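Notes follow once the structure below has been shown.
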2 protein chains.
Amino acid sequence: MCGGDAAIVMTENSDDGPRTIQSVEKACAIIRALRELDGAGITELATHLDMSKGSVHTYLTTLKRNDLVTESGGRYQLGLSFLDFGEYVKRQNLVYQSAQDSLDEMATETGELARLVMREGAHGIYLAKAEGENAIETTVRPGQREYLHCTSQGKAILAHLPTSEVRRLIAEHGLPERTANTITEADELFDELEEIRSHGIAFSRSELTRGLRCVAAPIYGTDGTPIAAIGICGPTSRMQGDRFREEYPKIVRDKANVIEINMQMATKRHAETS
Amino acid sequence: MCGGDAAIVMTENSDDGPRTIQSVEKACAIIRALRELDGAGITELATHLDMSKGSVHTYLTTLKRNDLVTESGGRYQLGLSFLDFGEYVKRQNLVYQSAQDSLDEMATETGELARLVMREGAHGIYLAKAEGENAIETTVRPGQREYLHCTSQGKAILAHLPTSEVRRLIAEHGLPERTANTITEADELFDELEEIRSHGIAFSRSELTRGLRCVAAPIYGTDGTPIAAIGICGPTSRMQGDRFREEYPKIVRDKANVIEINMQMATKRHAETS
DNA sequence: ATATACGTTCGGGATGAACAAACGCCACGG
DNA sequence: CCGTGGCGTTTGTTCATCCCGAACGTATAT
């Protein structure tokens with residue numbers, strides 16, 4: 001036998017779940033690092049990620065060949081291809097396609113800011129907005145992620161997910177605190193979700209930004225689970241009384257419904273052509 | 001000797017240039033395929049890419065863990081993280097930051113569509129636009145790539161690159177034909193570039209879209225090479241006479257200059273703070 | 001009920017990724 | 001002018017890792 005007894009070595013992915021390609025994980029780590037560092041050199045990345053210089057170099061060459069990173073003068077940065085993919089992902093998204101018109105209408109009818117957020121796991125991802133005449137300016141950027149439990153739109157989604165699913169998300173991600181108003185206790189969250197269900201609408205209470213108030217409603221996918229949410233956001237001063245309690249909730253619910261119908265029609269159309 | 005004569009095997013990356021990580025190449029291929037196919041199942045991808053099902057599954061699991069793809073009901077799609085990265089890449093881009101205001105001004109002053117294109121290799125990447133009162137609608141989307149030789153903005157960049165570099169690009173990519181008006185002969189291209197240099201401005205001649213005309217000027221980076229271009233685009237009917245030959249070229253050149261200065265100031269500021 | 005198609009899991013063997021060290025290059029500074 | 005340090009790049013070798021193929025479980029359709 002060549003080599004004598006085979007030493008039983010600790011191969012395999014330790015144990016953390018299903019098999020993964022470690023090279024791809026490393027490539028993803030490099031991409032994330034390039035973002036965090038706003039671009040970097042090879043040595044910098046190597047120390048940051050605890051890899052050998054040679055190895056980092058090979059990875060970067062590969063990513064560069066695939067246009068995911070660019071290099072100039074020894075400095076590597078994320079490439080503009082991401083912009084291309086990002087636009088693609090957005091436009092190909094069914095909710096985005098179906099919501100565009102309704103968002104615009106919401107904005108012009110209310111004069112405020114209308115927003116679309118989509119769920120991905122425990123996060124809500126801000127997809128699109130439409131600005132009314134008096135719309136506030138926000139620093140939120142498309143693609144930005146935020147935990148569902150700390151935005152009104154996120155809570156609108158959570159409220160209509162199965163309780164077991166919500167518990168799973170809490171167990172997995174906890175309830176990270178974002179501002180002093182963030183709900184950090186599970187019981188408190190469930191009370192709030194209960195209230196949202198009874199109203200059919202989620203209100204925010206300045207959880208992320210002081211003085212900002214939102215009215216949000218969920219959008220259901222074809223499978224009956226909430227997959228997104230739309231909302232109207234404005235300053236507390238204008239988001240009050242009847243408008244805040246009756247008018248805007250009605251608008252938001254109506255538009256959410258229109259969007260759902262648009263989505264259903266689009267899926268039907270798609271099924272027919274294939 | 002363990003194993004007898006070692007069979008000399010053809011390992012290594014065949015020969016095509018520098019070493020790359022093949023797993024990462026495959027991951028990139030999968031990402032591209034998911035885009036082409038607008039999402040796909042595992043078997044579909046496996047046949048499309050000529051890989052084994054098991055292998056594709058492992059890759060997709062890895063990409064899913066890193067939020068680059070999402071899965072629902074056995075159907076895999078590119079994830080919304082790309083939107084996040086795309087926005088990041090855009091906003092972190094120095095040219096984009098410096099050009100925003102100038103673009104808006106160009107649009108309001110002319111009433112037409114103002115555009116910003118950035119170079120990446122042999123391609124121009126459409127980065128941003130500003131719409132004037134009468135701006136035409138285009139189907140071009142941020143992040144979209146087009147060869148430099150078939151847009152006015154691309155030619156504005158080419159004209160001010162070293163001739164050797166232009167030759168290299170032609171040798172590597174050729175001059176693919178996009179419409180009947182595309183320049184496909186190197187000599188013809190060099191004549192046109194010569195003319196652009198003498199005017200200091202690039203005019204389009206409906207190369208990509210019938211009835212569309214542009215006036216474009218390059219934007220130089222700190223190293224003295226053109227790295228981007230801005231342009232005013234409108235219908236041939238309005239892009240005529242003095243406006244087309246004098247007024248708009250002047251505006252475009254001026255704004256390009258402002259953008260260059262903005263960029264220099266930004267880099268200086270950045271250097272100081274570090 | 002049977003068959004087909006699909007996603008998933010798993011072992012074993014070949015391939016390829018990682019390391020480390022050396023190299024070339026440039027910019028400083030002695 | 002040469003030495004020195006920092007950087008990106010290259011390369012040989014070794015061992016881990018990824019790939020294949022085949023089996024399994026499940027859902028859907030005939």
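We name chains A, B, ... by the order of the sequence lines, and we start the count at 1 in each one. Given the structure is predicted, the values throughout are model-derived calculations rather than measurements.
Remark: side-chain polar atoms of B:Arg119 are paired, donor with acceptor, to backbone N or O of B:Gly121 under 3.5 angstrom. Formation of a donor-acceptor pair under 3.5 Å by the B:Thr225 side chain with backbone atoms of B:Gly221 is not found in this model. At least one donor-acceptor pair closer than 3.5 Å links the side chain of B:Glu260 to the backbone N or O of B:Tyr220.
Between C:dT8, D:dC19, C:dA18, one nucleotide has an atom nearer to the side chain of A:Ile21 than all others, and that is D:dC19. Of the candidates C:dT8, D:dG8, C:dC6, D:dG8 carries the atom nearest the A:Thr43 side chain, counting heavy atoms from C-beta on. When distances run from any side-chain atom of A:Ile42 to the nucleotides C:dA18, D:dT9, D:dC20, the shortest one goes to D:dT9. Here C:dG11 is the nucleotide among C:dG11, C:dG7, D:dG8 with the atom lying nearest to any side-chain atom of A:Arg19. Listed nucleotides C:dG7, D:dT10, D:dC18 differ in distance to B:Pro18; the shortest reach to its side chain belongs to D:dT10.
B:Phe190 carries B:Arg167 over the face of its six-membered ring, with the cationic atom under 6.0 Å from the centre and within 45° of the normal.
Look at CG on A:Leu60: it is 9 Å from P on D:dT9, rounded to the nearest Å. The CG atom of B:Leu45 sits 12 Å away from the P atom of C:dC6 (whole-angstrom rounding). The distance from atom CG of B:Leu49 to atom P of D:dC20 is 11 Å, rounded to the nearest whole Å. Between B:Glu25 atom CD and D:dC18 atom P the separation is 15 Å, expressed in whole Å. As rounded to whole Å, 18 Å separates atom C1' of C:dT8 from atom CZ of B:Arg75. Taking atom NZ of A:Lys53 as the reference point, atom P of C:dA22 lies 13 Å away to the nearest angstrom. When rounded to the nearest whole Å, the span between CD of A:Gln22 and P of C:dC19 equals 12 Å.
Classification of B:Arg32 and B:Glu36 as a salt-bridged pair fails, no side-chain N sitting under 4.0 Å from a carboxylate O. Here B:Lys64 pairs with B:Glu71 in a salt bridge; the nearest charged N to carboxylate O distance falls below 4.0 Å.
Two residues, B:Ser23 and A:Gly54, neighbour DNA chain D, and the one matched to the more 5' nucleotide by heavy-atom proximity is A:Gly54. The residue among B:Met51 and A:His57 whose nearest nucleotide of DNA chain D is located toward the 5' end is A:His57.
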For side chain to side chain contact (heavy atoms under 4.5 Å, CB included), just list the numbers for A:Arg145 and B:Asp67, CA-CA rounded to whole Å, side-chain angles, deciding distance to a tenth of an Å, and then say yes or no.
CA-CA 12 Å; A:Arg145 310 166 82 97; B:Asp67 286 322; 3.6 Å; yes
Show me the dot-bracket string of DNA chain D, counting Watson-Crick or G-U pairs under 3.5 Å, with | for pairs to another strand and [ ] for crossing ones.
||||||||||||||||||||||||||||||
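Contact annotation: B:Tyr59 reaches the phosphate of D:dC19 (side-chain N/O to OP1 or OP2, under 4.0 Å). Here A:Lys26 reaches the OP1 or OP2 of C:dA18: one of its side-chain N or O atoms lies under 4.0 Å away.
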